[in-house]
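Keep in mind the model is a prediction, meaning the values are calculated, not measured. Throughout, a chain's letter reflects where its sequence line sits, starting with A, and its residues are numbered from 1.
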Amino acid sequence: MYDKLWLIPFFPLLGAIINGLLGKRFIKNEKVIGAIGTGMLFLSFLVSCKYFIQLLGDSVKSHQNVIASWMSVGKLQVDWGFLLDPLSALMIMVVTGVGTLIHLYSIGYMHGEEGFYRYFSYLNLFVFSMLMLVLGNNALVMFVGWEGVGLCSYLLIGYYFEKKSAGDAAKKAFVMNRVGDFGFLLGLFTLFWALGSHGVWTINFVEITENAHLLSGDMILGASVTTVATLCFFLGATGKSAQLPLFTWLPDAMEGPTPVSALIHAATMVTAGVYMIGRMNILFAMSPTTMFVVALVGALTAIFAATIGFAQNDIKRVLAYSTVSQLGFMFVAMGVGAFTAGIFHLMTHAFFKACLFLGSGSVIHAMHHALHHAHLDDDAQDMRNMGGLRKKMPITWATFGISCLAISGLPFFSGFFSKDEILWWAFASTRGNKVIWVIVVVAAFMTAFYMFRCLYMTFYGEQKTNPKAKDHVHESPWVITLPLVVLAGLATVGGLIGIPHAIDIAHVGNKLNAFLAPVFHHSQELYKIEAHGSASTEIILMVFSVAIALAGIGFATVMYMKDPSLPGKFTAKFPTLHRVVFNKWYVDEIYDTLFVNSTKKLGIFCWKGFDVKVVDGIVNGIAKLVGALSSVLRYTQSGLFTNYALTMVLGTVVMLAIFILN
Amino acid sequence: MENLVQIALQNVNMAAILPSLVLTCFGMGLLLINVFLPRGTTRHAVWISVIGLVVTGFFVYTGWGNPQYGFNDAVANDNYTAFFSVIFLFAAGLTILMSDDYLTREGYPVSEYYPLILFATAGAMWMASGTDMLTIFLGLEVMSIALYVLAGFFRGQLRSNEAGLKYFLLGAFSTGFLLYGIALIYGVTGSTKLTEIGIYLNAHGSLLENPMTLAGLVLLSTGFLFKIAAAPFHMWTPDVYEGAPTPVTAFMSAGPKAAAFAAFLRIMEYCFFSLKPEWTAMLWVIAVLTMVIGNVIAIQQTNLKRMLAYSSIAHAGYALVGLVAANEIGYSGILFYMLAYTFMNIGAFAVLVLAGKKGEDNLTLEGFSGFGLKRPFLGVAMTVFLFSLMGLPPTAGFAGKFYIFAGAVKAGYIWLAVIGVLNSAVSLYYYLRIMVYMYFRDAEEDYAWVSLPAAAVISIVIALIGVFYLGIIPGDVMEMAKMAIF
């Protein structure tokens, strides 16, 4: 009985329509608007829970619910249909669950903003699109969602449209996404045509999976069809999931309200690319070339974005680059065939990154109010204006800290399990690669470092806020802190569903692996994708990765936490040593010279040099080229009747010439 | 003598032209009524015309599935004609509904405007129903002459005059090509009947290489490609579309364009099926050229009417892709696309009609700053139409492009589909710019002059329903389109 699946996307759509149509004129009351928006999503969450539990107890793991026929082209029949299997079931739980919390949070965060109804309407519409993307049983319904989330993201980034930077960021996001969408469509065409040449006209995911084996051996443009199609799909994924080289829109997307960053640009939409690969895992499994490209791009993005994270002072930008980097981890997972690990990391990342973003939002909210109260124009997002907020905002601090531990991969927080599984597969999988493993390990080290840098700069040390505003910083209301606490809880224990075999002393088993097996095992078995190695190797690697994380945290602590009382005691006893200690063993200087400065420089170079000059240069260059072509062509439009007539004659003559010469 | 009359009468079958006959009667009746009413009263003309269109629509509906041939096989009222007639009727209806307040605002409340649109529609229907070169030509001329007058309807405005004159001169020029093409084909085959020409050419293989046949085909194509506004015969389009009264532009971009496609497709399929590899190769080039030129030049435009003119060139290119595909999906895709395009493009023009000030100097990107937030209904409507023009789901434009490109892929023209998809990616840029101005720029004006007259709102709502209906459940209409093609 899965015939009410449509209710899941329906509720948020209803919420979007109610708030969108009636919000401005009739409802007006913020509480009611917020309650409708959040309540609708909560209903959807409940329905998702029902189906999730039902699926757990069901022996058949794949269910389709077709509502109506959409269109038919020849033998191709496309439906408005939904597909519930373990993969989509997990996704809808994350989307509606995290989504509900972020809606709740938004009621507090967006309080008093102009266009409150508009915000909730867009946000509901976004969740609707995301659910269409996740639940769609064929590539076209997925594409509807794919476009829809792009549109909503665009609308929400540009929410503060009076800011020019917001408008520009929205445009950039939309254009970059469209480059990706173009890849998606090309992939779809290729797949459609390739399957069609075997007499199978379908874009239904279940049927694609069943018939994918037909494509082995097919060639197009000198490469295997699956490689071409999956590379096109992967281009789509890089746009949506902000991977090299299409990632620059995501940091700019931080112009939108912070809850939007948490929901769309961390927890859900940007993971759509990962989900899509998971959905079509059989096709990717068939092409080792594409899988390698996916893993390589993911690894390079992971380390590249991490370096940039070093050089940022805007709290949201740090988190944005961190998101790009973490998405890279997920792509590495997909690329080395660790599909379960990729989806696992997607889920744990949704918890801790949403928590981090919402925590940063809580800080920004408090800072903004304090600065506003004191009539100051200081930047409420600059970490250099913060510091020492731990006492003022204890809940925010605690939850933010937990999430930092989780993202750094400390045992036994959720990030530990998911990241560790990715590292293990990168190392030991048949599609793995040691070089990629090394890159990812370095990225993991950097992650721990910059996340703790961010934590220390924000919550520890002296409060560097302008004295006039200093005392006005307060903890946020419950609608903001409650989601933080829930998410921090999930970030702590969420990893327990995927305990790796090597350390499974209590023999609870890897629940997630078993749950997702119906989706992934088929292709993993068929194409011999597995991670093999002894349990002891796995444990050694695990210890190593924990050590790496601790090292990152340690470096951050040394550099950003200075104990001010120690130097005083040493000064009297050991004057020589004092000088050294005073200068903090010169470690700061050494690190500054060796690591911080050079890394910062690298970071700045990567950011200013590569990102701005090269990537933007290419994008702008294409735009300019088209523009130039356009101005040249415009000259032909002289407005003179005789010229037009002459062109017609010439056109006819050329057509005739082509004909006769043929 | 008596014998001759009898033969002629036997072949007359009024049922074959019933819908267009009804429409013509309404048009002429309206002209007569106008004589008895004081100048400046136009409201009655709107509603009489709409009634005329609805009644005609009823007769079109009854003709579905019941093909009628008449006038010695010069006219066929088959499903193909019926499907296209529906497109023309919607184009005319939506145009008429948005026109009344516009004409008053611009200072030309002249009721002769409406019969002219009805006549143009009747001409378009003859083009679609013609199975003889001469009937098609007759329809083309009836339609064109009405359009020449409509384009120059604002006789006090220089721009409108220029539009009318340019369209007339270039239109006459292209008609010359068309007629010469007909003459050459007649010279080769000895017939003007489409089926006879096709059979004759097929039976005499040597004629297919005859330069006279090829020249005839090319000249015929020139005539129709001109009306379709395909490159390089598109140059009149921006000038005429910009200068003509906005509702007339809306009408021209949908109805007559579809009519030209109707006749062109029928001629190509009936007469020249033996030359299919040749003309698809030719149209491949034309389609690519049209898509690229339309989209690339549109990027530079700041005047919205002009931008939509180039966009309409690009859309003609997309539709031509269906003709190149030359298979069931491609052909029925053209029919579907023309209907979809009618809704989305006329809808977009209807918003422009309402947003304009007298003289329409404000219909630029700058002039649309903040429009979407100040005028939410029109803003949302425009957004929907633009999304459909971009080809995003779940709108009509997406379904249409999907069918057409699927047809091309199925026929093996992968690269053509790729070029088409690439072009729609380029087109995003300029459509998106309108939205950026509408929503992300501060409003410099309060748009107080924008009113929402009932008739125009009905027109926009119908277009919205059409865009969503064709986008969400395109299956039914696509089935009908398949039944309509040969």
Side-chain angles (χ1 to χ4, degrees), chain A residues 24 68-74 76 78 80 140 143-144 147-148 151 155 158 161-162 164 166-168 170-171 174-175 178-179 181-182 185-186 189-190 192-193 196 220 623 626-627 629-631 633-634 636-639 641 643-645 647-652 654-656 658-660 662, chain B residues 166 169-170 173-174 177 211 214-215 217-219 221-222 225-226 231-233 235-236 238-239 278 281-282 285-286 293 296-300 328-329 376 387 392-394 399 402-403 405-407 409-410 414 417-418 421-422 425-426 428-429 432 436 439-442 472-475 478-479:
Chain A
K24 189 178 185 185
S69 159
W70 184 3
M71 47 179 144
S72 56
V73 180
L76 172 71
V78 184
W80 288 105
L140 268 193
F143 187 65
V144 172
E147 288 291 340
L151 167 67
L155 289 171
F161 57 85
E162 62 276 11
K164 187 180 177 302
D168 288 348
K171 256 194 293 183
F174 200 79
V175 171
R178 288 300 305 190
V179 175
D181 296 351
F182 166 65
L185 275 185
L186 278 189
F189 273 130
T190 314
F192 171 61
W193 169 82
I220 180 176
V626 175
L629 183 62
S630 184
S631 350
L633 281 177
R634 211 162 53 145
T636 59
Q637 195 72 34
S638 57
F641 156 74
N643 288 4
Y644 296 179
T647 321
M648 282 171 62
V649 175
L650 286 178
T652 312
V654 170
M655 277 196 327
L656 200 57
I658 293 175
F659 253 96
I660 291 174
N662 268 356
Chain B
K166 247 183 199 163
L169 290 173
L170 286 168
F173 193 56
S174 80
F177 283 89
L214 297 177
L217 171 58
V218 168
L219 292 174
S221 304
T222 302
L225 291 172
F226 172 84
F233 314 104
M235 296 190 129
W236 59 278
D239 296 1
E278 283 78 13
M282 170 184 84
V285 179
I286 300 275
I293 286 189
V296 168
I297 307 191
I299 287 176
Q300 287 276 330
E328 192 195 19
I329 300 174
F387 269 117
L392 298 190
F402 182 83
Y403 285 130
F405 293 150
V409 169
K410 210 163 184 186
I414 307 259
V418 169
V421 174
L422 260 177
V426 171
L428 282 168
Y429 178 79
L432 203 62
V436 168
Y439 286 103
F440 296 133
R441 289 291 164 99
D442 288 329
I472 295 173
I473 26 179
M478 190 61 185
E479 277 312 307

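Across all their heavy atoms, B:Ile472 and A:Trp70 have their closest contact at O-CD1, 2.9 Å. Listed here is the closest heavy atom pair of B:Phe233 and A:Gly651: CZ-C, 3.9 Å. Across all non-hydrogen atoms, the minimal contact from A:Val144 to B:Pro393 is CG2-CB, 3.7 Å. Considering all non-hydrogen atoms of both residues, B:Pro394 and A:Trp80 come closest at CB-CH2, 4.1 Å. Here the shortest heavy-atom pairing between A:Leu186 and B:Val418 reads CD2-CG2, 3.6 Å. In this structure, A:Phe189 and B:Val409 approach most closely via the heavy-atom pair CD2-CG2, 3.7 Å.
Contacts between B:Leu169 and chain A at a heavy-atom distance below 4.5 Å involve backbone atoms as well as side-chain atoms. Residue contact with chain B, scored on non-hydrogen atoms closer than 4.5 Å, involves the backbone and the side chain of A:Thr652 alike. Using a 4.5 Å cut-off between heavy atoms, B:Ile286 touches chain A through its side chain atoms alone. A:Leu650 does not touch chain B: none of its heavy atoms, backbone or side chain, sits under 4.5 Å away. With a 4.5 Å cut-off on non-hydrogen atoms, A:Ala68 does not touch chain B at all. Proximity to chain A (any heavy atom under 4.5 Å) is restricted, for B:Leu392, to the side chain, taken from C-beta onward. Contact annotation for A:Leu656: both backbone and side-chain heavy atoms come within less than 4.5 Å of a heavy atom of chain B. Heavy-atom distances place the side chain of B:Leu428, and not its backbone, under 4.5 Å from chain A. Looking at B:Phe402, only its side chain comes within 4.5 Å of chain A, counting heavy atoms on both sides.
Rounded to the nearest 0.5 Å, atoms CZ (B:Phe405) and CG (A:Leu185) are 9.5 Å apart.
In terms of the salt bridge (charged side-chain N to carboxylate O under 4.0 Å, His left out) criterion, B:Glu328 has no residue partners (sequence neighbours excluded). Not counting sequence neighbours, the partners of B:Ser174 by the side-chain contact (heavy atoms from CB on, under 4.5 Å) test are A:Met648, B:Phe226.
Between chain A and the residues B:Pro376, B:Pro211, B:Pro238, B:Gly407, the largest count of heavy-atom pairs under 4.5 Å involves B:Pro238. For the set B:Pro474, B:Pro232, B:Gly475, the count of heavy-atom pairs under 4.5 angstrom toward chain A peaks at B:Pro474. By number of non-hydrogen pairs under 4.5 angstrom with chain A, the leading residue of B:Val436, B:Ile473, B:Leu432, B:Ile414 is B:Leu432. Note on B:Leu225, B:Val285, B:Val421: by heavy-atom pairs under 4.5 Å with chain A, the leading option is B:Val421.
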